[in-house]
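Excluded from the calculations below are hydrogen atoms, water molecules and symmetry mates; all remaining heavy atoms, backbone and side chain alike, are included. Because the structure is predicted, anything quoted here is derived from the model rather than measured.
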Amino acid sequence: RGTGKTYASAFAMRELGFRRVLFLVHRGQLARQTRKSYEKVFANTVSMGLVGAGYHEYEADYVFATVQTLNRDEHLLQYAKDAFDCIVLDEPTAMLDPVGRRDVMETIERLNKEEGITVILITHYMDEAVRGDKVYVIDDGDLVMKGTPREIFVQVEKLKEYGLDVPQVTEVTYLLRKEGIDLPADI
């Protein structure tokens with residue numbers, strides 16, 4: 001049984017047609033569960049493998065691993081810089097301090113902007129989501145909103161209905177506008 005966000009990412013990968021994908025999570029159990037969910041969606045149309053915890057399936061089309069595993073040279077050096085079309089990061093900044101979160105986000109942006117790698121970031125931190133090109137909001141396994149960060153984050157009340165926060169600057173702007181101060185809604 002996978003989560004809605006896992007299945008949503010698998011359907012997106014299938015629809016977008018990426019050949020080689022690296023899916024990074026923060027626990028080995030999640031890597032195994034995610035692979036099972038992807039196998040259901042792809043039905044053996046791509047090869048899938050695990051790296052780490054005794055698994056060395058480096059050549060698979062879709063590789064599932066933990067961030068900690070790929071921090072080790074023995075695993076990381078198995079891949080060329082351009083080995084993957086897409087990297088999916090599932091909550092990569094969970095449990096990190098602000099400096100660690102900043103470093104991870106800078107690396108993600110560098111991979112995307114400088115290396116041309118598509119990066120899909122699964123996060124509950126809206127200050128991270130706002131940095132993307134597109135934002136998808138999933139509620140109870142259903143895609144309920146999608147658009148650019150600007151299009152999504154102007155809908156403060158709708159996001160709050162889904163139990164989500166908004167970036168701090170958006171929240172302040174929203175509150176000031178409610179008090180009658182004339183500010184653009186899409187700050």
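- Atoms CD1 and CD1, from Ile87 and Ile108 in turn, are 9.0 Å apart once rounded to the nearest 0.5 Å.
- When all heavy atoms of Met145 and Leu143 are compared, the pair lying nearest together is O-CD1, 3.4 Å.
- When the shell of 6.0 Å around CG of Asn44 is examined, it contains 12 or fewer heavy atoms from other residues, nucleotides or ligands.
- Residue Tyr136 is not grouped with residue Phe11 when hydrophobic side chains (ILVMFWY) are merged at heavy-atom distances under 4.5 angstrom, including chains of intermediate members.
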Under the side chain to side chain contact (heavy atoms under 4.5 Å, CB included) rule, what do Tyr7 and Val41 come out as? Steps first, then yes or no, please. CA-CA 8 Å; Tyr7 279 111; Val41 170; 3.6 Å; yes
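- Ile138 and Tyr162 are members of different hydrophobic clusters when ILVMFWY side chains are connected at heavy-atom separations under 4.5 Å.
- A continuous path of hydrophobic side-chain contacts links Tyr79 to Leu89 [ILVMFWY only; heavy atoms under 4.5 Å].
- A distance-only check finds no donor-acceptor pair linking the side chain of Thr93 to the backbone of Leu96 [under 3.5 Å].
- Grouping the Ile, Leu, Val, Met, Phe, Trp and Tyr side chains by contacts below 4.5 angstrom, directly or via other members, places Tyr38 with Leu16.
- By the 4.0 Å N-to-carboxylate-O rule, Arg20 lies too far from Asp82 to be salt-bridged with it.
- Side-chain atoms of Glu179 never come within 3.5 Å of backbone atoms of Leu175 as a donor-acceptor pair (strictly under, hydrogens ignored).
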Walk me through it: do Met105 and Leu121 pass the test side chain to side chain contact (heavy atoms under 4.5 Å, CB included)? CA-CA 10 Å; Met105 292 307 297; Leu121 175 67; 3.8 Å; yes
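- A donor-acceptor contact shorter than 3.5 Å links the side chain of Ser9 to the backbone of Thr6.
- What you find for Asn112 and Thr118 is that their closest heavy atoms are ND2-CA, 4.2 Å.
- A salt bridge does not link Arg110 to Glu106: none of the charged side-chain nitrogens sits closer than 4.0 Å to a carboxylate oxygen.
- Under a 3.5 Å cut-off, the side chain of Asp85 and the backbone N or O of Phe18 do not form any donor-acceptor pair.
- Residue Ile152 comes nearest to Gly147 through the heavy atom pair CD1-N, 3.7 Å, listed as atom of the first residue, atom of the second, then distance.
- Nearest approach of Tyr55 to Leu50, heavy atoms of both residues: CB-O, 3.2 Å.
- Using a 4.5 Å heavy-atom threshold, the side chains of Met13 and Ile120 count as touching.
- Between Lys160 and Glu171, at least one side-chain N (NZ, or NE/NH1/NH2) sits under 4.0 Å from a carboxylate O, which counts as a salt bridge.
- Using a distance-only test at 3.5 Å, with no hydrogens or angles considered, no donor-acceptor pair links the side chain of Thr66 to the main chain of Arg27.
- A pairwise comparison of heavy atoms in Phe84 and Leu22 identifies CD2-N, 3.5 Å as the closest pair.
- Other residues, nucleotides and ligands contribute more than 12 heavy atoms inside 6.0 Å of the NE2 atom of His56.
- Side chains of Phe23 and Ile122 form a contact here, defined as non-hydrogen atoms less than 4.5 Å apart.
- Using a 4.5 Å heavy-atom threshold, the side chains of Asp61 and Phe42 count as separate.
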Audit row: Thr123, Glu91, side chain to side chain contact (heavy atoms under 4.5 Å, CB included) steps and yes/no: CA-CA 5 Å; Thr123 185; Glu91 302 283 350; 4.3 Å; yes
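- With rounding to the nearest 0.5 Å, the separation of OG in Ser37 from CZ in Arg32 is 13.0 Å.
- Listed for the Arg35 side chain is no donor-acceptor partner under 3.5 Å among the backbone atoms of Phe64.
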Hey, mind stepping through Phe153 and Val169 against side chain to side chain contact (heavy atoms under 4.5 Å, CB included) and telling me if it holds? CA-CA 10 Å; Phe153 290 113; Val169 69; over 6 Å; no
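- Around CD of Glu109, the count of heavy atoms belonging to other residues, nucleotides or ligands within 6.0 Å exceeds 12.
- Interatomic distance, CD of Gln168 versus OG1 of Thr173, reported as 11.5 Å (0.5 Å rounding).
- Here the closest heavy-atom approach between residue Gly49 and residue Glu57 is recorded as CA-OE1, 2.9 Å.
- No continuous path of hydrophobic side-chain contacts links Val130 to Tyr125 [ILVMFWY only; heavy atoms under 4.5 Å].
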